[in-house]
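Step one of this worksheet: look at the structure below.
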Number of protein chains: 2
Amino acid sequence: MVRSTTTAEQSQADQQSVEGQQPVVTPVGAEGCRPMRADARRNREAVLTAAASAFAENGVESPLEDIARQAGVGIGTLYRHFPTREELVFGVYQREVAQLCESATALVDELPPAEALQEWMRRFVLYAATKRGLVGMLRTMMADRTDLFAETRVRIRDAANLLLTSAAAAGEIRDDITAEDLTRSIGGICMASDGPVWSPANAGRLVDLVFDGLRFGAPNKR
Amino acid sequence: MVRSTTTAEQSQADQQSVEGQQPVVTPVGAEGCRPMRADARRNREAVLTAAASAFAENGVESPLEDIARQAGVGIGTLYRHFPTREELVFGVYQREVAQLCESATALVDELPPAEALQEWMRRFVLYAATKRGLVGMLRTMMADRTDLFAETRVRIRDAANLLLTSAAAAGEIRDDITAEDLTRSIGGICMASDGPVWSPANAGRLVDLVFDGLRFGAPNKR
DNA sequence: TAACTATACGGAGGCACCCTCCGGTTCGCA
DNA sequence: TGCGAACCGGAGGGTGCCTCCGTATAGTTA
């Protein structure tokens with residue numbers, strides 16, 4: 001709209017993710033700059049955490065000043081890290097995708113392959129169903145800035161692939177489903193479960209439906 | 001196609017004067033009451049006109065105060081007629097649907113049946129492609145307040161039916177397509193052509209594609 | 001350890017927009 | 001023509017957005 005949106009050259013590099021509480025989480029742009037100062041990184045994380053819970057509770061339109069306060073940070077700091085609301089939304093999305101994808105490897109270790117897959121699908125959809133309006137905003141951004149999503153898309157595909165192949169190898173699901181098939185189905189459920197008639201329960205049923213489809217015709221039925 | 005709104009206005013007035021069944025067109029609250037005062041009706045129309053052009057130009061987030069100013073009306077007046085932005089959006093939508101549906105009968109008279117149908121489809125999609133973000137907002141509202149859209153849905157279906165049957169009767173298109181099929185296809189195009197990558201040209205190509213589908217297998221090919 | 005500097009912090013302030021409220025005006029009817 | 005109900009308008013208080021710049025501090029060098 002008429003808002004200025006100056007989008008200064010702003011390019012928060014961080015890209016230093018060696019020992020990892022949070023993996024990478026690279027904001028857009030810049031490579032090779034010096035690493036972020038410790039306090040900056042701390043604040044950035046605090047803002048993301050506060051934003052995630054604010055979005056979940058009050059939707060993506062939550063006042064940015066509330067988020068800053070909740071993070072124990074000035075509004076200026078929030079704006080320095082995320083010059084626009086969209087960048088903040090994307091930051092939250094990116095971090096949660098990373099967590100979700102990491103959980104895939106843990107699940108594979110802890111559970112039987114098919115259960116791991118099902119649980120992962122549930123978590124995936126739950127993320128979306130929990131954040132009111134977030135999916136809608138992401139969908140809009142996706143149409144505009146496809147490039148931003150390239151990295152997360154690959155991550156998701158790899159995680160899906162891991163779970164699918166291990167379940168297929170165990171014969172617990174059919175083996176003719178690709179990671180793309182799976183992510184597309186789940187993505188569809190996420191889109192569908194966004195919006196005013198918002199219901200995690202419905203989303204869960206849809207996930208189970210897709211999962212049954214995966215089991216259909218599997219060698220080792222149970 | 002610049003058409004005056006007088007006919008639409010007239011028909012609304014007619015409907016209102018018939019007792020019973022208030023069409024949803026009446027402003028909120030007025031329940032079986034006397035008709036609107038002349039100045040109120042005038043202002044209401046002015047606001048709708050200004051809103052339509054503001055939405056087209058700056059998107060559905062246009063400041064309401066600009067719209068009021070453009071309409072030559074105080075902000076209080078705008079709020080009295082449309083207490084929320086959504087109601088204003090719906091008002092614009094409703095009026096334009098009415099115009100569009102009326103144009104169907106005119107088109108049937110003026111053009112060969114198939115051309116009339118194609119032209120109508122084009123106009124339909126053009127409306128949507130012209131208003132940035134409007135379709136998205138309507139989609140959200142639809143999920144929430146299905147009841148509001150019942151009337152417009154019927155209108156659209158009737159108009160589509162008129163065009164379809166006359167073109168099918170002339171053998172210029174196949175006869176196994178229902179009005180629901182058509183409106184669903186067109187609706188899909190409208191959804192697709194909303195969003196940041198906004199392009200009437202693309203929408204037009206999609207319409208032609210659907211139209212070719214309608215001609216496929218028609219008795220009288222040309 | 002102290003001094004130094006590049007970097008980050010914070011919040012006041014200006015602006016845009018939202019929405020309400022109520023005194024003044026106008027319409028439509030008798 | 002007179003009257004009351006209905007309508008008009010815009011001032012004003014409130015909220016949220018975003019910027020700007022003086023102050024604080026992490027990390028580095030001597």
Side-chain angles (χ1 to χ4, degrees), chain A residues 1-16 18 27 30 32-48 50-51 54-55 57-89 133 137, chain B residues 13 16-17 26-48 50-51 54-55 57-89 133 137:
Chain A
M1 251 235 48
V2 199
R3 260 188 243 310
S4 40
T5 28
T6 42
T7 29
E9 60 279 46
Q10 154 52 173
S11 41
Q12 303 303 336
D14 89 69
Q15 196 58 342
Q16 97 123 303
V18 191
C33 292
R34 61 176 41 177
M36 255 184 175
R37 241 170 65 171
D39 53 347
R41 199 162 53 237
R42 227 170 19 238
N43 281 334
R44 196 188 141 84
E45 284 303 310
V47 168
L48 282 176
F55 290 163
E57 195 147 341
N58 306 108
V60 275
E61 300 299 339
S62 310
L64 297 181
E65 325 223 62
D66 288 358
I67 293 175
R69 199 175 314 116
Q70 178 67 29
V73 142
I75 185 67
T77 299
L78 186 149
Y79 271 95
R80 196 168 324 98
H81 286 294
F82 306 98
T84 68
R85 183 184 292 273
E86 290 196 349
E87 281 179 70
L88 180 55
V89 167
M137 188 155 202
Chain B
Q16 281 182 20
S17 61
T26 46
V28 284
E31 193 54 34
C33 275
R34 56 179 45 179
M36 258 183 174
R37 239 169 68 172
D39 53 347
R41 199 161 53 234
R42 227 170 18 238
N43 281 335
R44 195 187 142 86
E45 284 303 310
V47 168
L48 282 176
F55 290 163
E57 195 148 341
N58 307 109
V60 274
E61 301 299 338
S62 309
L64 298 180
E65 325 220 64
D66 287 0
I67 293 175
R69 200 174 313 116
Q70 179 67 30
V73 142
I75 185 65
T77 299
L78 186 149
Y79 270 97
R80 195 168 326 100
H81 286 295
F82 306 98
T84 69
R85 183 184 292 274
E86 291 197 347
E87 281 179 70
L88 180 55
V89 167
M137 188 156 202

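Keep in mind that the numbers below use all heavy atoms, side chains included, and drop hydrogens, waters and symmetry copies. Remember, predicted model here, so these are calculated numbers, not experimental data. Chain identifiers are assigned alphabetically (A, B, ...) following the order of the sequence lines, protein sequences preceding nucleic acid strands; residue numbering begins at 1 within each chain.
To the nearest 0.5 Å, atom CZ of residue Arg44(A) and atom NE2 of residue His81(A) are 7.0 Å apart. Going from atom CG of Leu88(B) over to atom CD of Glu86(B) covers 11.0 Å, rounded to the nearest 0.5 Å.
The CZ-P distance, from Phe82(B) to dC8(D), rounds to 11 Å in whole Å. As rounded to whole Å, 11 Å separates atom P of dG16(D) from atom CG of Asn58(A). One atom, CD of Glu87(A), and another, C1' of dC17(D), lie 15 Å apart when rounded to the nearest Å. Taking atom CZ of Arg44(A) as the reference point, atom P of dT7(C) lies 18 Å away to the nearest angstrom. Going from atom CD of Glu45(A) over to atom P of dC9(C) covers 13 Å, rounded to whole Å. The CZ-P distance, from Arg69(A) to dG16(D), rounds to 9 Å in whole Å.
Partners of Arg42(B) according to the side-chain hydrogen bond (donor to acceptor under 3.5 Å, both in side chains) rule, which considers only residues two or more places apart in sequence or in another chain, do not exist here. For Arg85(A), the side-chain hydrogen bond (donor to acceptor under 3.5 Å, both in side chains) criterion is met by no residue, not counting sequence neighbours.
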Which pairs, protein N/O on one side and nucleotides 18-22 of chain C N/O on the other, fall under 3.5 Å?
residue, atom, partner, partner atom, Å
dC18(C), OP1, Arg85(B), NH2, 2.3
dC18(C), OP2, Leu64(B), N, 3.1
dC19(C), OP2, Tyr79(B), OH, 2.9
dC19(C), N4, Glu65(B), OE1, 3.4

Distances for protein N or O near nucleotides 1-5 of chain C N or O, under 3.5 Å:
none

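Dashed line: the shortest gap from a side-chain N or O of Thr77(A) to OP1 or OP2 of dG10(C) is under 4.0 Å. A close approach under 4.0 Å does occur between a side-chain nitrogen or oxygen of His81(B) and OP1 or OP2 of dC8(D).
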Quick one, give me the B/S/- string for nucleotides 24-30 of chain D, reading 5' to 3', where B means a protein heavy atom under 4.0 Å from the base and S means that only happens at the primed atoms, P, OP1 or OP2.
-> -BSS---
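Looking at heavy-atom distances under 4.0 Å, Asn43(B) makes contact with sugar-phosphate atoms alone, never a base.
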What pairs of donor and acceptor atoms, side-chain ones from residues 63-70 of chain A against any protein atom, are under 3.5 angstrom apart with sequence neighbours left out?
residue, atom, partner, partner atom, Å
Asp66(A), OD1, Arg69(A), NH1, 3.3

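When all heavy atoms of Phe82(A) and Val47(A) are compared, the closest pair comes out as CE1-CG1, 3.7 Å. Residues Ser62(A) and Ala54(A) approach most closely at OG-O, 3.2 Å, considering heavy atoms.
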